[in-house]
Amino acid sequence: MPRLHRAFSAAAARLAALPGLPVAQNGTASTHSWMDDLLGFRLGDAVYGSVGLDQHGDFAAFLSVVITHLVTASGMLIAFSVFRKRYPHVFSHNVMTGLISFPPAESLMGWVRASTSLSLTKVSETVGLDIAMTLEFMHVGMRIMCIIGLPICFLLAPANYLFGDGSAREDHIGYLSLKNAKPGSWLDWAHALAIWMVLIFAQTPLHNAREAFLIRRYEWLSRMPQIRANTVMVSNIPLELQSDRKLAEFFQKILPGSDLVKEAYVTRNTQKLVSVWTKLREARASLEEAEATWKLNQEMGLDRPTLGLECAGFRKKVDSIDHFSELVAKFEPEVRAEREKVLANVASDSPGAYWGNGFVTFHRPLHREIVVRLTQLYKAKGQVKTSVAPEPEDVLWCNLATDPLRQEAFYATGVFLMLCLLFAFTPLVIGITNLATAIDMGPIQPFWQGVAPSLGVTIMIGFMPTFLMMIITTFFPQKAATSAQLELQGWYFWFMVFLVLVATSIGQDMIGFVRTLVKSPLLVFEQIALTLPESTNFYINLLICEWSDDAAQMLRVAPFFKYLLYAQIYDKDKAKELAEPEDQDYNGIGARTARTTITVAIGIVFGTLSPPIWLICLSSLTLKRLIFGYLFVFAESRKPDLGGAFWVKQVHGVYVALVMYSVLMTGVLLNRSGLRGPGLLLVPSIFYIIRAMRSFERGFTWETLPISDVADMEGASGAKVQIEGEYIQPELLPK
């Protein structure tokens, strides 16, 4: 070690003695770049702020981040281990209800073994294929980190430390990264080869997982509940087909054979009925709560519960049970009357009795598969569109009333609001990342420098799903709740790609970045190439910050406190029912899968620049797998299942990360070595990975079973998944 230290000191001294070496504003050595040769001027002439540039004191900040989040995450997991035994309704409910037949051990840390030993086949059969493939994606990410990351970490990192010229200077973490190597040295060639290795071998876990997914997906399709396996959703039904009888006759006519359609259901116009029915449901729920409160008050020797109401400008107290009983008695006949009106309009095929969407159920799954694959079913393009039906309980009936023309206008408005949200969030996120340099905290500056930017970005990113879901539910109306989660996953991922992965290239000058993007798009890659190697420490801290964020989800704070509150009034089973589910914006499967994808993307994009990121990313994914393996399977209520659709988007996100990695690293090495050498070696990699992504996705037929398999499946006697519900609007059911 003394010899290595002397070698490092000598290299640093030689670097400092180099004459005429230009120095960038951030204090790091800069070189004449390949983009300067092409454009004839330097990007450095335009000054940009930058996000999270590596600086002196980052190693102390790194230690502060590790200690802070390690202690915080450990404390939360210990607290969960205690709460799990004391409050099984919240933390082990699927075991109590018998949904899970492989309960964890009763010991304090028994949940750890239960989570790590899960069989994905059993997970798919009990809580759904979406959950199983979410866990499998964590396995895929861990395999990528091990197959590619560990060799790079234990080869490139020592090489950067031993043979670099000390360009990292006072950034001690940077000794292991590319910034410690002299531009144009043989280490650039080593990195170019490592980048090719990442692009080639990172795809192996993806291809292997795809083959395993197709097997599970086809098995899931073959086990689909009978009602869903035989039913298609029909959208944009023209007026001349808007009745149950006419729609059934239409599909009977286009298919060969007789008596193929079991039933058809066109969504009824229940606008007035829904308004009164909703009031009745709210009154019944309030009455149930008042009666439960009165039961509790009797045990405590208290009076009947009361309610304050406004009457003629005065506020008076009324008996809660009597008040809500009167409301129920008032709304029940109104609901019956409105329901009878709807049924009468349907019986007479009155104009306006229907909305333009519905469901058609066939006697055989084969006929459903054939209909789903057919295009141009009707004379007008876009009319009578068929798709796989969601689970009955997942249908958002209120969104089936959307007019197609109105929906197009809403979609355009929604996209505009998404762009506005992105531009609003960008300066906030960038400003937070610069808190460490903007505010000097004196003796606790290392702690502040490490924790503040990463924690601030995590909090801001945490608010984003709520705003995204508000826009999605308002302007992108989905026909099923799980489809809204899938839409959220896509938007959330791309927002994080821009704000988390690309934010380093924007700096504090958002308007300047947009101006550069419009006038000289090539300058964007030059800017990224200049700032990317100087921002790796920020991403190390950001990944470590995930430890506390994920561990906090084990405590299920919102459902836990709601359960404690409702348990004061209701029995434990009812309290559990009212406390669920968890927040479906931030903690829904859409947001969780998007965040897991971005974790893998950070490891891929920045791992070669700073090899320790591979290890940090591996540790984050390992912790995610441990935590969510338990939460998904043993604690949280079962959600409707799309059969792996979230996993497909996650894999696409990994390929997006590989494309970004190829483009950005090509820019970095071209900037370091000019229009020659290792940078040119990477130029073909961009076209290679884009072609590989297109080839992977073209050969990925997963949404439906082959027709021959469907025909064979009909004669099989395998067990079907059992679900409740039917494709009828709930307000029309007599209850």
Side-chain angles (χ1 to χ4, degrees), residues 227-228 230-254 259-287 324-363 371 377-378 380 383-387 389-407 477 479-481 724-735:
I227 186 173
R228 190 179 179 191
N230 293 8
T231 303
V232 294
M233 176 183 283
V234 187
S235 306
N236 299 341
I237 303 173
L239 287 174
E240 55 269 26
L241 296 181
Q242 286 186 11
S243 78
D244 298 350
R245 177 183 55 82
K246 293 175 183 178
L247 188 62
E249 290 175 352
F250 171 79
F251 279 97
Q252 183 67 56
K253 182 174 63 176
I254 65 174
D259 194 28
L260 304 180
V261 178
K262 182 179 180 180
E263 61 181 346
Y265 181 86
V266 181
T267 312
R268 278 59 164 151
N269 185 348
T270 59
Q271 188 172 2
K272 293 182 179 179
L273 172 59
V274 166
S275 177
V276 183
W277 179 71
T278 302
K279 294 178 182 179
L280 175 60
R281 292 183 62 195
E282 292 173 352
R284 284 174 173 171
S286 299
L287 176 60
F324 291 118
S325 297
E326 292 174 2
L327 289 180
V328 170
K330 173 187 175 183
F331 291 134
E332 282 182 343
E334 293 183 15
V335 168
R336 285 194 295 269
E338 288 296 335
R339 186 179 294 140
E340 290 173 0
K341 289 181 182 179
V342 171
L343 297 178
N345 291 336
V346 169
S348 60
D349 281 346
S350 300
Y354 299 95
W355 285 325
N357 299 284
F359 298 89
V360 177
T361 302
F362 299 90
H363 287 288
V371 167
L377 288 173
Y378 206 63
Q383 289 187 326
V384 191
K385 296 172 61 176
T386 59
S387 59
E391 294 184 14
E393 66 176 24
D394 199 33
V395 177
L396 298 176
W397 293 96
C398 57
N399 290 341
L400 297 184
T402 307
D403 179 73
L405 295 178
R406 184 185 177 191
Q407 188 171 344
K479 295 179 173 61
E724 298 180 355
E726 51 187 329
Y727 294 104
I728 298 178
Q729 289 156 275
E731 61 269 23
L732 291 175
L733 297 175
K735 58 179 180 180

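- The shortest side-chain heavy-atom distance between Tyr354 and Ile237 does not fall under the 4.5 Å cut-off.
- No donor-acceptor pair under 3.5 Å is formed between the side chain of Ser286 and the backbone N or O of Phe324.
- Contact between Gln383 and Pro238 at its shortest, heavy atoms only, is NE2-CB, 3.8 Å.
- For the atom pair CG (Asn399) and OG1 (Thr267), the distance works out to 11.0 Å, reported to the nearest 0.5 Å.
- Contact annotation: the side chain of Trp355 approaches that of Thr270 to within less than 4.5 Å [non-hydrogen atoms, C-beta and beyond].
- Side-chain N or O atoms of Asn269 include one that pairs as donor or acceptor with a backbone N or O of Gly352 at under 3.5 Å.
- The distance from the CD1 atom of Ile254 to the CG atom of Leu377 is 5.0 Å, given to the nearest 0.5 Å.
- For Asp244, the side-chain hydrogen bond (donor to acceptor under 3.5 Å, both in side chains) partners at least two apart in sequence or on another chain are Arg268.
- The two residues Val384 and Leu241 make their nearest non-hydrogen contact at CG2-CD1, 4.1 Å.
- Minimum interatomic distance between Ala283 and Leu327 (heavy atoms only, all atoms of both residues): CB-CB, 4.0 Å.
- Under the side-chain hydrogen bond (donor to acceptor under 3.5 Å, both in side chains) criterion, Ser350 pairs with Ser348, sequence neighbours left out.
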Side chains of residues 328-342: which donor-acceptor pairs under 3.5 Å do they make with residues two or more places apart or in other chains?
from, atom 1, to, atom 2, distance (Å)
Glu332, OE2, Arg284, NH2, 3.0
Arg339, NE, Glu731, O, 3.1
Arg339, NH2, Glu731, O, 3.1
Arg339, NH2, Leu733, O, 3.3

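- Here CD of Glu391 is found 10.5 Å from CD1 of Ile227. Values are rounded to the nearest 0.5 Å.
- Formation of a donor-acceptor pair under 3.5 Å by the Asn357 side chain with backbone atoms of Leu400 is found in this model.
- Taken to the nearest 0.5 Å, the OG atom of Ser387 stands 7.5 Å off from the NZ atom of Lys479.
- Counting heavy atoms from C-beta outward, Glu240 and Tyr378 have side chains that approach closer than 4.5 Å.
- Annotation for Glu726 and Pro392: closest pair N-CB, 3.7 Å, computed over non-hydrogen atoms.
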| said: I'd like to know whether Leu732 forms a side chain to side chain contact (heavy atoms under 4.5 Å, CB included) with Leu273, so could you lay out the CA-CA distance, the side-chain angles of the two residues, the decisive distance to 0.1 Å, and finally the verdict. | reply: CA-CA 9 Å; Leu732 291 175; Leu273 172 59; 3.7 Å; yes
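- Annotation: side-chain contact (heavy atoms from CB on, under 4.5 Å) contacts of Ser325 (sequence neighbours excluded): Leu287, Ile321.
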Acceptor/donor pairs from residues 245-253 side chains to any protein atom, 3.5 angstrom cut, sequence neighbours excluded:
from, atom 1, to, atom 2, distance (Å)
Gln252, OE1, Leu260, N, 2.9
Gln252, OE1, Val261, N, 3.4
Gln252, NE2, Gly257, O, 3.1

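- Partners of Phe359 by ring pair (Phe, Tyr, Trp, His ring centres under 6.0 Å), not counting sequence neighbours, listed by chain and number: Trp397, Tyr727.
- Rounding to the nearest 0.5 Å places NE2 of His363 at 4.0 Å from CG of Asp259.
- Using a 4.5 Å cut-off on side-chain heavy atoms (C-beta onward), Val274 and Thr278 make contact.
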